[in-house]
Amino acid sequence: KNQVEQSPQSLIILEGKNCTLQCNYTVSPFSNLRWYKQDTGRGPVSLTIMTFSENTKSNGRYTATLDADTKQSSLHITASQLSDSASYICVVSANDYKLSFGAGTTVTVRA
Amino acid sequence: EPEVTQTPSHQVTQMGQEVILRCVPISNHLYFYWYRQILGQKVEFLVSFYNNEISEKSEIFDDQFSVERPDGSNFTLKIRSTKLEDSAMYFCASRWGATGELFFGEGSRLTVL
């Protein structure tokens, strides 16, 4: 069964600090992996997409990594801002285009 | 920037009532989806729609649910007889191709009393 596991479930960081979120998946065959940001009560918004051949991709202060061999991805947030407070969802797509969603990591940035 | 729009943003209904949630996907998109998210839980797939028919549905999408694309722009989700456990945020999403970026609407919050 295709699964996506995210850790930690939640974390609290001080404004200006960095943090790293983890995503492990068992989706096979793998097509791509996306990280979404979901503000409270809003729809998810795509941050990055990574395919099998990509190791790192950045979007501003967000940097995603992918290790397709170990089936792990991470999302690193640099110099966090209060607006980074949100849920971050890892979504993995299989070759049959089905999407598997992680439960998300809730990030709270405090001043 | 094109966006997926959903109405209503919040609906409160009595158990057993019918509810229709509406979505206007991005205009040149061909694949349409409904997801739901119960408060504090993960996003769950309900149904995908392509070429005017359901292409896939989950176990959640039982006979109480139906989808329609009545006029080429709107994409609706109907719940025939709502249950308490249908209370959730319902997200519509669309994408141009089968593997393209999925764009989500802002969601419709359904509260069943």
Side-chain angles (χ1 to χ4, degrees), chain A residues 1-10 21-27 29-54 57 59 62 64 86-108, chain B residues 1-10 21 23-26 29-51 54-60 87-111:
Chain A
K1 181 179 178 183
N2 289 336
Q3 288 190 317
V4 178
E5 300 290 336
Q6 291 188 242
S7 63
Q9 185 175 11
S10 63
L21 317 178
Q22 300 292 340
C23 173
N24 296 338
Y25 60 92
T26 61
V27 175
F30 173 84
S31 176
N32 62 66
L33 183 149
R34 290 183 187 273
W35 283 93
Y36 281 85
K37 179 186 180 188
Q38 185 180 24
D39 292 317
T40 302
R42 307 291 294 275
V45 176
S46 179
L47 292 175
T48 64
I49 177 174
M50 303 187 74
T51 58
F52 187 87
S53 59
E54 295 174 303
K57 185 166 282 189
N59 176 4
Y62 300 104
S87 179
Y88 292 83
I89 304 171
C90 177
V91 182
V92 184
S93 178
N95 279 350
D96 59 359
Y97 316 136
K98 292 182 183 177
L99 301 176
S100 297
F101 283 71
T105 293
T106 301
V107 174
T108 303
Chain B
E1 186 175 322
E3 58 182 13
V4 177
T5 57
Q6 291 186 240
T7 55
S9 57
H10 188 194
L21 306 178
C23 170
V24 179
I26 294 173
H29 285 188
L30 303 175
Y31 295 80
F32 314 112
Y33 305 81
W34 281 101
Y35 292 87
R36 81 171 185 189
Q37 186 175 32
I38 295 171
L39 187 64
Q41 297 186 25
K42 69 192 293 185
V43 175
E44 300 174 291
F45 169 74
L46 291 178
V47 66
S48 58
F49 193 87
Y50 170 71
N51 201 26
I54 291 174
S55 47
E56 189 182 358
K57 58 185 181 180
S58 70
E59 296 172 349
I60 304 168
S87 294
M89 185 75 105
Y90 288 81
F91 291 106
C92 174
S94 71
R95 55 184 174 180
W96 182 84
T99 60
E101 179 177 347
L102 194 60
F103 290 83
F104 286 84
E106 294 291 0
S108 292
R109 179 171 299 282
L110 176 64
T111 303

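In this structure, B:C23 and B:V4 have side chains that are in contact, with non-hydrogen atoms separated by less than 4.5 Å. Looking at heavy atoms from C-beta onward, B:T7 lies out of side-chain contact with B:S108 at the 4.5 angstrom threshold. B:Y90 has its side chain within reach of B:L46: a pair of non-hydrogen atoms, C-beta onward, lies under 4.5 Å apart.
In terms of heavy-atom pairs under 4.5 angstrom with chain A, the leader among B:A98, B:S48, B:G105 is B:A98.
With a threshold of 4.5 angstrom between heavy atoms, B:F45 does not approach chain A through any atom at all. Heavy atoms closer than 4.5 Å to chain B are found nowhere in A:S93, neither backbone nor side chain. For chain B, the nearby part of A:R34 is the side chain; its heavy atoms alone come within less than 4.5 Å. Residue contact with chain A, scored on non-hydrogen atoms closer than 4.5 Å, involves the side chain of B:E56 exclusively. For chain B, the nearby part of A:Q38 is the side chain; its heavy atoms alone come within less than 4.5 Å.
When the salt bridge (Lys or Arg N to Asp or Glu O under 4.0 Å) test is applied to B:E101, no partner is found at least two apart in sequence or on another chain. Remark: B:T5 pairs with B:E3, B:V24 by the side chain to side chain contact (heavy atoms under 4.5 Å, CB included) rule, at least two apart or across chains. Judged as a side chain to side chain contact (heavy atoms under 4.5 Å, CB included), and not counting sequence neighbours, the contacts of A:T51 are A:N32, A:S53, A:E54.
Interatomic distance, CD1 of A:I49 versus OH of A:Y36, reported as 8.0 Å (0.5 Å rounding).
Considering all non-hydrogen atoms of both residues, A:P44 and A:I89 come closest at CG-CD1, 4.5 Å.
Scanning residues 32-42 of chain B against chain A with a 4.5 Å heavy-atom cutoff picks out B:Y35, B:Q37, B:K42, ordered by number.
Other residues, nucleotides and ligands contribute only 12 or fewer heavy atoms inside 6.0 Å of the NZ atom of B:K57.
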